[in-house]
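Residues take their numbers from the sequence shown, with the count starting at 1.
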Amino acid sequence: MIIRNIDLTGNGIAIRLHKPVLDEFPYINTKFVRLPDKQEINSQKPTSDLVIIGTPTYKHIQHLLYAINYYPYVLCEKPVGNSYAQLLSLKQEICNTNCACFVNYQLRYLPIVSDMLTYSKENTVKSVSIKYRSNARMGNQFPEWYLDYKMGGGILYSLLSHIIDLINFLGFGIVDNFEFEYKKKLSPIPMNEISIHGNAVSGVPIEISIDTKKDYDQFIIELSGDNTKKNYDFIGNCTVGNGLCQYKNGALSSKNASPWRLGFRMLISALLNSAKESNLATIDDAIKVHYVLSYIISNCI
């Protein structure tokens, strides 16, 4: 894969994450483009090698339907649209093109994930516990779509999708019929926090707890084996002795500590250097994520 020219879309994550990280790579040229919301007859074919779709979730599908017909490579922000049905239809459209379409599930690329995979191979994992805390949902300065789950707002699409993909990547695919709790009085759909209890396909118990209205940051995954227990700190990118690892708000998004920035940098490095990189998330991976999200939503409304 030879990629030298990259088009960027959107004025949110593209500015905060995509552009700054891509500027770290030599010989990469970037420019911002505006993708049409629908197919245009006689559209001029772009000359760039790759487009990164960073528009809001509710615009993903319409922009992807254009991009897969005009770019050889597409990288879309998670979770790729906002419904399971959309993804199934999109997959067929992608199969009708020569485009290689990937999804930005960058947590897979964090160095600490390799340690987790090693632990899983050397031990029989008995349980998986994930804690995520931040103040990301504090305040009122949010775009309209960010507050509406139908447009891709809320923690299901922004955070839980990342965690579900990571669980799948580690080999603990979560199945339906799990239980979940949230503050139903505040919203019919989980928007700020959720706790999930269920089993992986293998039967391993999984617990996920997300709360985005805390006065500290925390992102810990605990793997428990027969006689051992390991806690992996995704902010510090290290193994720790206990599950506290609480940081001041902002650590999750800071330039130096951000797992999103580090993971995206490593994903881009893999994308630039190998067309056969097996760790890249695909539309099939996005479908697996949406399967779980759709289960939650269908049991809320």
For S254, give me all partners under side-chain contact (heavy atoms from CB on, under 4.5 Å), at least two apart in sequence or on another chain. A257
Do other residues, nucleotides or ligands put more than 12 heavy atoms under 6.0 Å from N11 CG? no
L186 with M191, same ILVMFWY side-chain cluster at under 4.5 Å: no
Parallel, tilted or perpendicular: which describes the rings of H162 and W260, with under 30° parallel and over 60° perpendicular? tilted
Contacts satisfying side chain to side chain donor-acceptor pair (under 3.5 Å) that involve residues 180-203 (not counting sequence neighbours) are R137-N192
If you link I, L, V, M, F, W and Y whenever their side-chain heavy atoms are under 4.5 Å apart, who else ends up in the same group as Y216? none
Residues that F178 engages under ring pair (Phe, Tyr, Trp, His ring centres under 6.0 Å), provided they are two or more places apart: Y295
Which residues share a ring pair (Phe, Tyr, Trp, His ring centres under 6.0 Å) with F169, sequence neighbours left out: none
Other than V175, which residues form its hydrophobic cluster under the rule that side-chain heavy atoms must be closer than 4.5 Å? V201
What residues, two or more places apart in sequence or in another chain, satisfy ring pair (Phe, Tyr, Trp, His ring centres under 6.0 Å) together with F264? H18
Same cluster or not: are L117 and I164 linked, directly or through other Ile, Leu, Val, Met, Phe, Trp or Tyr residues, by side-chain heavy atoms under 4.5 angstrom apart? yes
Which side-chain N or O atoms in residues 21-28 pair as donor and acceptor under 3.5 Å with protein atoms at least two apart or in another chain?
residue : atom : partner : partner atom : Å
D23     : OD1  : K19     : NZ           : 3.2
E24     : OE1  : R265    : NE           : 2.7
E24     : OE2  : R261    : NH2          : 3.0

Quick one: which residue pairs count as a salt bridge (charged side-chain N to carboxylate O under 4.0 Å, His left out) with a foot in residues 101-120, not counting sequence neighbours? R108-D165, R108-D285
Salt-bridge criterion met for K31 and D7 (N-O under 4.0 Å): yes
Salt bridge (charged side-chain N to carboxylate O under 4.0 Å, His left out): which pairs involve residues 54-79, sequence neighbours left out? none
Taking only residues two or more places apart in sequence or in another chain, which ones pass ring pair (Phe, Tyr, Trp, His ring centres under 6.0 Å) with F219? Y132, F234
Suppose the criterion is salt bridge (charged side-chain N to carboxylate O under 4.0 Å, His left out): which pairs have a residue in residues 90-106, not counting sequence neighbours? K91-D284
Quick check: is I52 connected to V33 through a chain of hydrophobic side chains (ILVMFWY, heavy atoms under 4.5 Å apart)? yes
Within the structure provided, determine whether Y119 and V125 are in side-chain contact (heavy-atom separation under 4.5 Å). yes
